[in-house]
Amino acid sequence: MSKIQVAIIGAGPSGLLLSQLLRLQGIESIVLERQTREYVEGRIRAGLLEWSTVDLLNEARVGARMMREGLAHDGLELAFDGRTHRIDLKKLTGHRMMVYGQTEVQKDLGDAHTASGAQIIWEAGNVAIHDITSHRPRVTYTRGAINHEIDCDFIAGCDGFHGISRQSIPKEYVTLHERTYPFGWIGIMANVPPVAGELIYVNHPRGFALCSMRSKSRSRYYLQCSLDDDIANWPDDRFWDELRGRLPNEHAGALITGPSIEKSIAPLRSFVAEPMRFGQLFLVGDAAHILPPTGAKGLNLAAADVRLLSEAILEYYRGGSETLLNDYSKQALARVWKATRFSWWFTALMHKFSDETFAHRIQLAELEYIAGSAAAAESFAENYVGLNFAQRIPRPQGLRLKSSI
Ligand code: FAD
Ligand code: PHB
């Protein structure tokens, strides 16, 4: 049996960022991942980072390439009723967003681990957690035909929605809150220049569309599709035609198409497990919460959990205090629920739920309200850039927000 301070399950962004931050503070961890490194680094997912996440990656000393190659954005466009309205995030909140793919974050973290010789066990099978409520929990796994056992102080469950960490908590100690949505997103990646300089979120009578990007020569586009849709029903030409049809004219004419290099369908879900701690097991990132990607919050919430947990573990090893560890779940959930609300609300605002004209007119009225009211735009913007880090720009006393409603 080997001994370690922290056992981390899952080498996604949560697990690797946590182990990197702990290592920089001299705290030893081991990461157990059931997939290969190539598989984990090849998964195409998030693309948009809040600035608090950018700061954390820099603090973790894995941000150099992101600062060189990432695209900082000051705003985004909402498209509806055949027109667009720009939300100036920087002006409204003082914050920008960073376009930098999760695949790149994952590679930067992987490279930092390789350079430092940190312990990651790829293709760890049958990972299981034992004695969670004791002060000496254990983790077992197999590699090849050999069984391994690790004795540790803490276990970080960073193993995503389908992982074993959350499932190791007895059902009576965890409450699961869930909402599923009656549609999915089909996403494609293509090596073509993005249709516009900033992201465009589209509300259209045929369904939602999103124009995103990974670089100035690589685009990421999404379309709302039905839940039971099959990728085989979406040859590239159909995808491009449908996207063009959902874009306002000014953008439809500028759309450059090309062969897709990746195409996938993802269901949408809101899910929160609480509390995020049971005994010495701490749930982090998607293991504890999932959001529909509309608000671009999943990876950012995972990073925020990692910041809290790394600080709590550090406080424990520096001074023996468990105050932050005891507060972890409460602190994390306060942020999680606000982001869950925003992602749910933005999803409801932008997607087609039925053919009911009333629902669509209500969506348009709300979008017009955001476009016409500085207060509504500011509320949207501060949620989008990340509520907990949005430092409001102090307004001179007596200054009224300018609205055109
Ligand atoms: P994961 O990335 O799921 O990592 C968990 C790891 O644990 C995996 O490597 C898995 O193989 C491993 N694992 C699982 N089970 C076991 C086991 N039993 N033993 C060992 N290892 C195990 N978020 C944003 O912030 N912005 C966006 O723009 C955005 N866009 C998205 C677009 C799409 C289409 C999707 C699907 C997601 C998007 N997200 C976005 C969400 C974001 O990708 C996730 O929130 C993020 O990956 C969470 O990281 P994680 O490390 O917590 O979990
Ligand atoms: C992405 O680029 O993948 C992306 C961007 C913004 C979102 C969701 C996904 O809201």
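Numbering of ligands and ligand atoms starts at 1, following listing order. Keep in mind the model is a prediction, meaning the values are calculated, not measured.
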*Quick one: look at His162 and ligand 1, take heavy-atom pairs under 4.0 Å, and tell me if it's side chain, backbone, both or neither.*
neither
*Provide the closest heavy-atom pair for Ile129 versus Ser168 in the form atom of the first, atom of the second, distance.*
CD1-OG, 3.8 Å
*Of the backbone atoms (N, CA, C, O) and the side-chain heavy atoms from C-beta on, which set of Tyr222 has a member under 4.0 Å from an atom of ligand 1: side chain, backbone, both, or neither?*
side chain
*Donor-acceptor pair between Asn203 and His351 side chains, under 3.5 angstrom*: no
*Which value, rounded to the nearest 0.5 Å, describes the distance between Thr347 atom OG1 and Phe342 atom CZ?*
9.0 Å
_Location of contacts on Leu32 toward ligand 1, heavy atoms closer than 4.0 Å_ = backbone
*Measure the CD-CD distance between Glu368 and Gln363 for me, rounded to the nearest 0.5 Å.*
12.0 Å
_Residue pair Asp153 / Tyr317, side-chain donor-acceptor N/O under 3.5 Å_ = yes
*Could you see which bit of Val127 sits under 4.0 Å from ligand 1, with heavy atoms only: side chain, backbone, both or neither?*
side chain
*Which bit of Gln35 gets closer than 4.0 Å to ligand 1, counting heavy atoms only: side chain, backbone, both or neither?*
side chain
*Please write down residue, atom name and distance for the protein heavy atom closest to atom 24 (C) of ligand 1.*
Leu299 N, 3.2 Å
*Indicate, as side chain, backbone, both or neither, the part of Ala296 found under 4.0 angstrom from ligand 2 when only non-hydrogen atoms are considered.*
both
*What protein heavy atom is closest to atom 37 (C) of ligand 1, reported as residue, atom name and distance in Å?*
Arg45 CB, 4.3 Å
*Is it the side chain, the backbone, both or neither of Ser264 that has a heavy atom closer than 4.0 Å to ligand 1?*
neither
*Given Phe208, which of Trp185, Tyr222, Phe353, Tyr221 fulfils the ring pair (Phe, Tyr, Trp, His ring centres under 6.0 Å) condition?*
Trp185
*For Tyr222, the ligand 2 atoms whose distance to one of its heavy atoms is below 4.0 Å*: 1 (C), 3 (O), 4 (C), 9 (C)
_Can you tell me how the ring of Tyr201 sits relative to the ring of Phe346, calling it parallel under 30°, perpendicular over 60° and tilted otherwise?_
tilted
